[in-house]
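Basis for what follows: all heavy atoms, side chains included, without hydrogens, waters or symmetry-related copies. A, B, ... follow the sequence lines: proteins, then strands. Residue 1 opens every chain.
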2 protein chains.
Amino acid sequence: MTSPKATAPETTAEVRERARAIPEAAVARLAVYLRVLSGMVEQQVTTISSEELAGAAGVNSAKLRKDLSYIGSYGTRGVGYDVEVLVSHIERILGLTRKHSVAVVGIGNLGHALANYGGFPSRGFPVAALFDIDPDLTGVPVGGIPVHHIDDITSVCAEREVSIGVIATPPQAAQAVCDRLVSAGVQCILNFAPVVLQVPDYVEVRKVDLAVEMQILSFHVARRADEAAGDVVNGVGVDGVVIRP
Amino acid sequence: MTSPKATAPETTAEVRERARAIPEAAVARLAVYLRVLSGMVEQQVTTISSEELAGAAGVNSAKLRKDLSYIGSYGTRGVGYDVEVLVSHIERILGLTRKHSVAVVGIGNLGHALANYGGFPSRGFPVAALFDIDPDLTGVPVGGIPVHHIDDITSVCAEREVSIGVIATPPQAAQAVCDRLVSAGVQCILNFAPVVLQVPDYVEVRKVDLAVEMQILSFHVARRADEAAGDVVNGVGVDGVVIRP
DNA sequence: GAGTGTGAAAAGTTTCACAGCC
DNA sequence: GGCTGTGAAACTTTTCACACTC
């Protein structure tokens, strides 16, 4: 990238420096490439070009090559990428060589779905603990894991070395739950509650907000409808000609 | 924005032009501001400053003001924004003045959770239909709505004017379901299946990929761990001093 | 005095286009 | 001939800072 002549074996420092420099947007796409590539491995595909992989991942090939260049130069010119090599490098960069135990808090409809979701454990994210505030649920197994009372978050999370907390509680409870997770030492949170969580700087929060997603889609519906209507109605453009392109 | 002198009443064309120009990233945040503001309305707050609203929404105030400026100038200098005015303008821009019927396909754990999720109907997204491939589920009510067989997507979606399709099926089924939704005239899709959907240009897809979210968190855990370790171990920095900041 | 609205600068991201290698 | 890797260009988004209004 910057300097190393020929194929110098990378030092830890170089790998680290490189990881630090990967744009946030590229990280998200690397995860997608990884999933596509895992499918390729299963189909016995051994080599793939940037064009093919890009198509399967829904991006253009220049972007894909740029993204891969952030993690190193592992392709062969004129040929493409070795699927397994790429898989292992992406896994390394994403930190998937270690296991990340997950705790789910809030065992309602969504919590149930998450506890039973096969996509976590199979990808190196074992669900290590479940929590709910309802004492009737305590001890009840969900997806094979017994539910703990929310008051035990600190001890259980520490004991099981939980590194990712998933908040699937009603909005009113989310901030309090978040605070407890943080004081239990959890530094990564995936938040499904429609609330903006306040956390210390060192805690990484990602949110999944269904209503927001819907509203973004709604915006696009509305804009399209406006465009279609406006071109004819408003005297701005006639017979379908858009004046301001 | 560009030209209109004084307080010229906006033409439809201007509103349209403006909507077209709102950056994608700003649209997502507007939805968040809207939620925060709705909470304010309930607490009888009538006026709010950019600083306060930004704090509650987890962004900085310059960004918030810029975002709001895309939809118009509805604040009062020295005072702030009228909460209700802002709510109604954001709703208009996001197209929330019409109802958007939602169909959920795939009534497994997640589908159940979505069908029962109160956040949709309460925000103008009534769940109008449920679909599953399992004939045993057909007719069974989930969250008060009977499940249809997947083969009826086209007719039921057309009849109920579904504008948003939610895919909560296993990955193998997702593309086929998507194709059916599209041929039923659905132009917006929210995809929970870990698959990259191929759709025509005019269809808007948003995806929620839990494994990807986890892996992004994992990346940050790994990077942090590397940094912590590297500073001490690698001869790059000593006694906790970070050389490259 | 307080706080919005916005050009202009800075930072981040995507796309282009082609040299270099197989 | 085909395809990667990457600087440089184009575009998007964020941040700054201050003129302007109440």
[N] [atom2] sits how many Å from [X] [atom1], rounded?
| X | N | atom1 | atom2 | value |
| --- | --- | --- | --- | --- |
| A:K63 | D:dA10 | NZ | P | 19 Å |
| B:Y74 | C:dG3 | OH | C1' | 19 Å |
| B:D67 | D:dT12 | CG | C1' | 13 Å |
| B:E51 | D:dT15 | CD | P | 13 Å |
| B:L68 | C:dT4 | CG | P | 9 Å |
| A:L64 | D:dT6 | CG | C1' | 14 Å |
| A:D82 | D:dC3 | CG | P | 16 Å |
| B:I48 | C:dA2 | CD1 | P | 18 Å |

* To do: Indicate whether the side chain of B:S49 and that of B:E52 have a donor and an acceptor atom separated by less than 3.5 Å.
  => yes
Could you please name the option among [options] that lies closest to any side-chain atom of [X]?
| X | options | result |
| --- | --- | --- |
| B:E24 | D:dT13, C:dT14, C:dT4 | D:dT13 |
| A:Y70 | C:dT14, C:dT6, D:dT4 | C:dT14 |
| A:S49 | C:dT6, D:dT13, D:dC3 | D:dC3 |

* To do: Classify every nucleotide of nucleotides 16-22 of chain C by which part a protein heavy atom approaches to under 4.0 Å, writing B for the base, S for the sugar-phosphate alone and - for neither, in 5'-to-3' order.
  => BB-BBBB
* Contact list for residues 95-106 of chain B, test side-chain hydrogen bond (donor to acceptor under 3.5 Å, both in side chains), sequence neighbours left out ->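 side-chain hydrogen bond (donor to acceptor under 3.5 Å, both in side chains) check on residues 95-106 of chain B returns A:S218-B:H100.
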* Nearest-0.5 Å distance, CD1 of residue B:I93 to CG of residue B:L34 ->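 Nearest 0.5 Å value for the CD1-CG distance: 12.0 Å.
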* To do: Can you measure from CG (B:L94) to CZ (A:R223) and round to the nearest 0.5 angstrom?
  => 12.0 Å
* To do: Return the residues of residues 200-207 of chain B meeting this criterion: a heavy atom under 4.0 Å from some atom of DNA chain D. Order them by number, or give none.
  =>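 Hits under 4.0 Å, by residue number: none.
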* Start with the C-alpha gap between A:E24 and B:H220, add the side-chain angles, then the distance that decides, and say whether side-chain hydrogen bond (donor to acceptor under 3.5 Å, both in side chains) holds. => CA-CA 10 Å; A:E24 193 62 30; B:H220 290 288; 3.3 Å; yes
